[in-house]
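What follows is a set of notes on a single structure, which appears directly below.
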Amino acid sequence: GFAVLTLSTDEINKIVSDYTGLGRTGDIIGAVRVGNEMLYTTPTRTNPDAAYVVHYTFGTETSRRLQDVLYGSPCRGQGTDDEGHDVFGAWVRIPSLRWGLSVTQHVDEAYELSRRQQDLVKTVAIYSIGPALLMALLMSFWVAVRAKKSGVGAMA
């Protein structure tokens with residue numbers, strides 16, 4: 001069976017403009033092929049007026065992954081957005097709309113959380129290793145003093 005529903009342009013734009021979970025640089029862009037050009041069908045985070053206005057000639061390096069999707073080659077991984085930023089993302093084709101859709105986030109922001117976690121692990125390591133080393137030094141000093149008092153290791 002099939003289910004058919006219609007969405008107005010405003011409803012679609014509301015969906016693709018919900019950046020929940022995409023941080024401050026994440027973006028969702030829809031595009032369609034018109035002749036030898038890729039035309040954005042949705043607003044972008046940096047250009048709310050991009051829908052049906054922004055277009056790029058196929059074969060340029062701008063939004064290369066999104067162009068590939070319009071040829072039917074979905075992918076995910078690393079690419080470049082229309083502003084030239086390195087991004088992680090997923091690029092898929094929506095056959096019923098004949099759209100390509102990209103969901104991306106700048107690489108720097110994607111790694112930001114892991115960098116903070118690494119910094120936290122380093123801090124925890126420093127604060128836990130420091131006292132352990134101090135205790136080891138104190139214990140070795142205490143053992144050396146006790147051994148000296150008892151005459152262990154002294155030459156006869």
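When a residue number appears, it is its place in the shown sequence, counting from 1.
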Contacts of T25 that satisfy side chain to side chain donor-acceptor pair (under 3.5 Å) - sequence neighbours left out:
E109

Which atom pairs, one a donor and one an acceptor, fall under 3.5 Å between side chains of residues 94-103 and the rest of the protein, sequence neighbours left out?
none

Filter on salt bridge (Lys or Arg N to Asp or Glu O under 4.0 Å), then keep only pairs touching residues 83-94, sequence neighbours left out; what's left?
none

Taking side chain to side chain donor-acceptor pair (under 3.5 Å) as the definition, give me every residue that meets it alongside D18, ordered by chain and number, with sequence neighbours left out.
T20

Sequence neighbours excluded, the answer for ring pair (Phe, Tyr, Trp, His ring centres under 6.0 Å) partners of Y52 is none

Sequence neighbours excluded, which residues qualify as ring pair (Phe, Tyr, Trp, His ring centres under 6.0 Å) partners of F58?
Y71

Set of ring pair (Phe, Tyr, Trp, His ring centres under 6.0 Å) partners for H85, sequence neighbours left out:
H106

CD1/I28 to CD1/I15 distance, rounded to the nearest 0.5 angstrom?
9.5 Å

If a pair satisfies ring pair (Phe, Tyr, Trp, His ring centres under 6.0 Å) and one of its residues is in residues 121-145, list it, with sequence neighbours excluded.
none

Set of residues satisfying side chain to side chain contact (heavy atoms under 4.5 Å, CB included) with respect to T57, sequence neighbours excluded:
N36, E37, T60

Quick one: list whatever passes side chain to side chain contact (heavy atoms under 4.5 Å, CB included) with E11, sequence neighbours left out.
L7, S8

Residues which pass side chain to side chain contact (heavy atoms under 4.5 Å, CB included) with A50, listed by chain and number, not counting sequence neighbours:
Y40, T44, N47, V54

Listed by chain and number, what are the side chain to side chain contact (heavy atoms under 4.5 Å, CB included) partners of L133, not counting sequence neighbours?
I129

Looking only at heavy atoms, which two atoms of P43 and V16 are closest? And how far apart?
CD-CG2, 4.4 Å

